[in-house]
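As the structure is a computational prediction, the values presented were derived from the model and not from experiment.
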Amino acid sequence: MKSVSRPVSMALFALFASLMLATRFHHFGTALNLPDASMAVFFLGGLYLRRPVPFAVLLALAIAIDWISIALAGVSDFCVTPAYAFLPLAYAALWYGARAYAPHVRETPMSMGLVLIVALLCASLSFVISNGAFYWFGGRYATP
């Protein structure tokens with residue numbers, strides 16, 4: 001896939017940050033809230049933005065949103081345990097998996113199908129990292 005221009009990159013970054021701001025407060029969607037788009041944002045960010053600085057800024061934004069939602073909006077802090085430190089690694093699996101595959105993307109149906117497979121593999125790895133860390137290091141379960 002060809003790299004996007006700087007103005008397009010800035011617009012995509014703004015879109016991804018807006019998606020996180022609009023969806024991260026509630027993990028699951030309800031009639032009033034959209035489901036959390038963070039995993040999609042980090043995968044698409046790796047695919048299109050690629051550089052580490054947008055990754056770091058979006059990661060900082062995710063942490064800030066979590067802090068604000070817990071400290072000021074009354075969202076439960078059940079998931080904030082020592083395992084929360086593994087969340088950057090889980091998001092890095094999405095970002096850098098997409099980034100590694102991005103040069104191979106073509107505008108063909110076959111290539112788009114392969115992007116879907118890469119997305120599923122990266123999401124699975126991210127899920128294993130985040131949920132595995134929560135159950136093993138979160139301290140919420142005696143026998144994970």
Please say yes or no: joined through hydrophobic side-chain contacts below 4.5 Å, possibly via intermediate residues, are Y135 and V128 part of one cluster?
no
L21 vs L61, side chain to side chain contact (heavy atoms under 4.5 Å, CB included): CA-CA, chis, key distance, verdict
CA-CA 8 Å; L21 285 167; L61 178 63; 4.0 Å; yes
Indicate, with yes or no, if L12 and V53 share a hydrophobic cluster defined by side-chain heavy-atom contacts under 4.5 Å among Ile, Leu, Val, Met, Phe, Trp and Tyr.
yes
Between the CG atom in L49 and the CZ atom in F16, the distance rounded to the nearest 0.5 Å is 5.5 Å
Check the hydrophobic clustering (I, L, V, M, F, W, Y; side-chain heavy atoms under 4.5 Å; chains of links allowed) and say if V8 and L47 are grouped together.
yes
For a 4.5 angstrom cut-off between non-hydrogen side-chain atoms, does P52 reach Y96?
yes
A side-chain contact here means heavy atoms from C-beta on lying under 4.5 Å apart; do L114 and I117 qualify?
yes
Minimum heavy-atom distance A98-C122, with the two atoms named
N-SG, 4.2 Å
Non-hydrogen side-chain atoms of W95 and L44 separated by less than 4.5 Å:
no
Do M112 and V105 have side chains that get closer than 4.5 Å, going by heavy atoms?
yes
Hey, does S9 have a side-chain heavy atom less than 4.5 Å from the side chain of Y48?
no
Taking the side chain from R99 and the backbone from R50, do they hold a donor-acceptor pair closer than 3.5 Å?
yes
Spacing of Y101 atom OH and L121 atom CG [to the nearest 0.5 Å]
11.0 Å
Rounded to the nearest 0.5 Å, what separates atom CZ in R51 from atom OG in S3?
7.5 Å
CG of L94 to CZ of F42: how many Å apart, nearest 0.5 Å?
8.5 Å
Taking everything shown except F55 itself, do over 12 heavy atoms lie less than 6.0 Å from its CZ?
yes
In this structure, would M10 and M20 fall into the same cluster of hydrophobic residues linked by side-chain contacts under 4.5 Å?
no
So S126 and M39, do their side chains get closer than 4.5 Å, heavy atoms only?
yes
Point-to-point distance, once rounded to the nearest 0.5 Å, from CG of L120 to CG of L125
12.5 Å
Backbone N/O of A62 and side chain of R24: donor-acceptor pair under 3.5 Å:
yes
Any donor and acceptor pair, going by atom type alone, linking the side chain of S111 with main-chain N or O of E107 inside 3.5 Å?
no
Find out whether F86 and F137 are in side-chain contact, i.e. whether some heavy atom of one side chain is under 4.5 Å from a heavy atom of the other.
yes
Rounding to 0.5 Å, atoms CD1 (I68) and CD1 (I63) come to a distance of 12.0 Å
Contact check, side chains of L15 and V41, non-hydrogen atoms, under 4.5 Å
no
